[in-house]
Amino acid sequence: MKGAAAAPRREGASASRTRLRDHYRAWRDHHSLSAADSLRRVLDSPASSLLTWLAIGIALALPVALGVALENARVVSGSWDSPARISLFLAPAVDDGTAASLHARLAARGDVAEASLVSREAALAEFAELSGFDDVLANLDDNPLPHLVLVTPATGVAPDALQAELAALDTVDQAVLDMAWVQRLNSLMDLGRRLVWALAGVLVFGVVLILGNTIRLAIESRREEIVIVKLVGGSNAFVRRPFLYTGLWYGVGGGAIAALLVLCALWYLDEPVSRLAQLYQSDFHLVGIGLIGSLQLVLLGGGLGLAGAWLAVSRHLGAIEPR
Amino acid sequence: MIRFDRVTKRYEEGHDALREVSLDIARDELVFLTGHSGAGKSTLLRLVMLMDRPSRGKVLVDGRDLASVGSRGIPRHRRNIGVVFQNHQLLFDRNVFDNVALPLVIAGYDHREIGRRVRAALDKVGLLQRERALPVTLSGGEQQRVGIARSVVGRPRILLADEPTGNLDPALSAEIMQLFEDFNQVGVTVLIASHDLALISRLQHRIITLRDGRLLGAAA
């Protein structure tokens with residue numbers, strides 16, 4: 001009679017004295033075993049796993065897609081590279097020659113990227129054409145409009161400082177810094193960003209709950225197994241491990257689906273957006289999340305999966321004890 | 001090896017499962033625990049396994065007061081005890097080999113060592129040919145032998161069995177008891193709860209009888 005039972009009676013206690021290195025190896029082995037086993041279980045029920053992946057993927061893709069849209073809006077608005085333009089309304093007394101020389105002086109300045117002169121005649125003609133009041137305007141004795149010089153500050157120049165300096169010139173009646181629309185746009189973008197973050201927060205919380213619930217069901221369905229493992233000396237960490245990996249796989253899969261969804265949406269929208277951009281003489285293309293962004297999304301999914309699994313495991317596993 | 005010192009276990013509903021039980025089981029001993037159902041046999045085993053804690057009194061295993069074992073120490077404590085259940089407690093989605101290997105996987109053995117020990121244990125219970133079989137394809141007696149192989153594969157110093165022959169016919173029961181005697185021969189402390197008096201009185205071992213939670217007397 002050879003056999004387990006026969007030989008080694010006295011070394012029962014020494015079994016628990018396995019060396020540290022063996023413990024590490026055993027720990028690592030069980031990790032890879034749990035990871036593989038959990039993945040197999042996830043893939044064994046493809047339909048329900050796919051549903052979980054889709055639910056997580058959609059919940060993650062939504063804020064990411066909005067974030068991408070916002071980022072693109074920022075790129076577009078940044079490409080309107082005249083965010084600040086100063087309109088110099090010259091004093092009514094200023095004649096054509098003085099206006100032209102002021103314009104020439106301004107255009108030569110280092111802190112001015114561009115200066116253009118709109119003479120009072122040109123302004124009146126434009127106004128007449130745009131307004132349709134040409135008959136009325138023709139009856140005016142005097143041209144009520146002043147000369148106008150449009151100044152674009154050079155990059156790196158503070159527009160409001162330049163505005164103050166130019167407003168101090170004798171020939172200038174009024175210097176208006178046309179920044180209101182930039183500020184409005186920026187506030188809108190700010191609001192959008194905040195909304196995206198809030199939405200992302202809510203949906204991320206939702207993802208953790210979805211995963212927590214999925215893992216809870218997995219725990220329930222393996223209750224007997226957990227009891228048996230605990231009876232033969234499995235620690236909580238040992239029992240917990242496969243469920244954490246299950247959460248990880250669901251999360252990673254969900255993150256990958258989210259990246260895929262965003263990619264599809266961008267691919268679907270890029271052509272019409274470029275066509276639209278062409279109509280505005282721009283060669284703008286949609287900016288995606290890139291490879292790094294996609295990987296980050298997958299990692300984020302994995303992290304959320306672990307978090308959800310941890311939540312479920314810490315709440316439900318302790319309650320399952322041999323009775 | 002196992003000592004009970006005036007142990008009382010009262011369940012929350014007020015029922016006393018064990019009352020002032022004191023007993024001492026020596027190393028290398030095989031002891032039968034008997035009594036009608038509800039007499040406290042299972043409770044006694046549960047206290048040794050740390051599935052329950054005594055309300056009063058002390059339980060010592062291998063000289064160690066179990067009150068000093070915290071909940072984190074329970075898994076390690078259980079790894080030193082082999083348990084056989086009446087209802088086998090097998091994992092039905094794993095084959096015989098994986099079921100028997102479970103304690104070794106938990107204890108973190110190398111897979112080659114696991115293979116060697118599992119086959120040795122299966123050989124001992126006569127199931128070496130069935131290592132790839134799923135438990136559902138086995139008879140009740142075979143399932144019980146898988147449970148026994150699992151309980152000894154980790155080479156525990158103590159073996160507990162709760163009605164291990166409960167559902168088996170007399171011939172199979174005698175076979176199972178023979179296995180326990182073999183393990184005892186090589187130095188394992190064995191405690192078997194059984195109400196099969198006809199069977200256990202034929203075997204020459206100490207019998208502990210419980211009635212309504214009290215120890216009746218210990219005969220050799």
Side-chain angles (χ1 to χ4, degrees), chain A residues 1-34 36-37 40-41 44-45 218 221-242 317-323, chain B residues 28 46 49-52 62 71-83 85 88-94 99-100 102-111 116-125 128 148-159 179 182-183 185-188:
Chain A
M1 226 178 276
K2 55 178 181 179
R9 305 318 120 199
R10 299 291 170 197
E11 54 185 58
S14 74
S16 55
R17 265 185 259 130
T18 21
R19 281 166 305 157
L20 202 64
R21 208 164 54 106
D22 290 343
H23 274 300
Y24 169 69
R25 183 197 42 71
W27 177 83
R28 203 191 48 204
D29 282 359
H30 187 245
H31 268 281
S32 53
L33 205 71
S34 303
D37 186 57
R40 194 177 46 78
R41 280 173 193 271
D44 269 353
S45 47
S221 73
R222 292 170 72 182
R223 174 179 276 272
E224 272 181 47
E225 179 181 343
I226 293 168
V227 166
I228 292 171
V229 169
K230 284 195 172 183
L231 274 177
V232 298
S235 63
N236 278 331
F238 184 93
V239 176
R240 193 189 299 138
R241 216 162 280 152
L317 220 49
I320 302 179
E321 282 293 336
R323 283 285 153 245
Chain B
D28 301 3
R46 292 168 60 86
M49 285 284 290
L50 277 179
M51 289 162 73
D52 267 327
D62 203 8
S71 59
R72 286 178 171 277
I74 291 178
R76 167 158 296 198
H77 171 72
R78 287 185 186 151
R79 276 176 230 162
N80 290 322
I81 300 176
V83 199
F85 304 92
H88 322 315
Q89 299 274 26
L90 301 180
L91 300 175
F92 282 92
D93 60 342
R94 315 269 178 98
N99 266 284
V100 175
L102 185 62
L104 300 182
V105 173
I106 288 171
Y109 281 90
D110 174 77
H111 71 274
R116 210 173 58 74
R117 286 204 189 191
V118 168
R119 295 209 172 83
L122 284 175
D123 187 34
K124 178 75 182 111
V125 299
L128 195 50
I148 291 172
R150 185 184 64 191
S151 72
V152 298
V153 77
R155 296 170 182 170
R157 309 175 72 183
I158 298 176
L159 191 53
L179 277 175
D182 290 346
F183 295 126
Q185 285 297 310
V186 292
V188 182

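In this text the structure is predicted, and so the values were computed from the model without any measurement. Proteins get letters first, then strands, A, B, ... in listed order; numbering begins at 1 in each.
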Quiz prompt | A/L33 versus chain B, the contacting section by heavy-atom distance below 4.5 Å | solution = side chain
Exercise. Report the C-alpha separation of A/D37 and A/R40 in whole Å, then their side-chain angles, then the decisive distance to 0.1 Å, and conclude whether the salt bridge (charged side-chain N to carboxylate O under 4.0 Å, His left out) test is met.
Key: CA-CA 5 Å; A/D37 186 57; A/R40 194 177 46 78; 2.5 Å; yes
Exercise. Examine whether an atom of B/R150 lies under 4.5 Å from a heavy atom of chain A, and if so say whether it belongs to the side chain, the backbone or both; otherwise answer neither.
Key: side chain
Quiz prompt | Interface moiety of B/I74 toward chain A, non-hydrogen atoms closer than 4.5 Å | solution = neither
Quiz prompt | Residue A/E224 excluded, over 12 heavy atoms near CD under 6.0 Å | solution = no
Exercise. Could you tell me whether the side chain of B/L179 reaches within less than 4.5 Å of the side chain of B/K124, counting heavy atoms only?
Key: yes
Quiz item: Quick one: are A/L231 and B/V83 in side-chain contact, heavy atoms under 4.5 Å?
Solution: no
Exercise. Under 4.5 Å, counting heavy-atom pairs only, tell me which of B/H111, B/R78, B/R46 racks up the most with chain A.
Key: B/R78
Quiz item: Contact part of A/R222 toward chain B, heavy-atom cut-off under 4.5 Å: side chain, backbone, both or neither?
Solution: side chain
Quiz item: Any donor-acceptor pair under 3.5 Å linking the side chain of A/K230 with the backbone of A/I320?
Solution: yes
Quiz item: In terms of heavy-atom proximity below 4.5 Å to chain A, should B/D110 be classed as side chain, backbone, both, or neither?
Solution: both
Practice problem: Heavy-atom pairs under 4.5 Å with chain A are the metric here; pick the option from B/L102, B/V125, B/D52 that has the most. | Solution: B/L102
Exercise. With a 4.5 angstrom heavy-atom cut-off, could you sort out which part of B/F92 is near chain A: side chain, backbone, both or neither?
Key: neither
Quiz item: So, B/D123 and B/R119, do they make that salt bridge, N to O below 4.0 Å?
Solution: no
Quiz item: So how far is it from B/N99 CG to B/D93 CG, rounded to the nearest 0.5 Å?
Solution: 8.5 Å
Exercise. Could you tell me which portion of B/M51 (side chain, backbone, both or neither) has an atom closer than 4.5 angstrom to a non-hydrogen atom of chain A?
Key: both
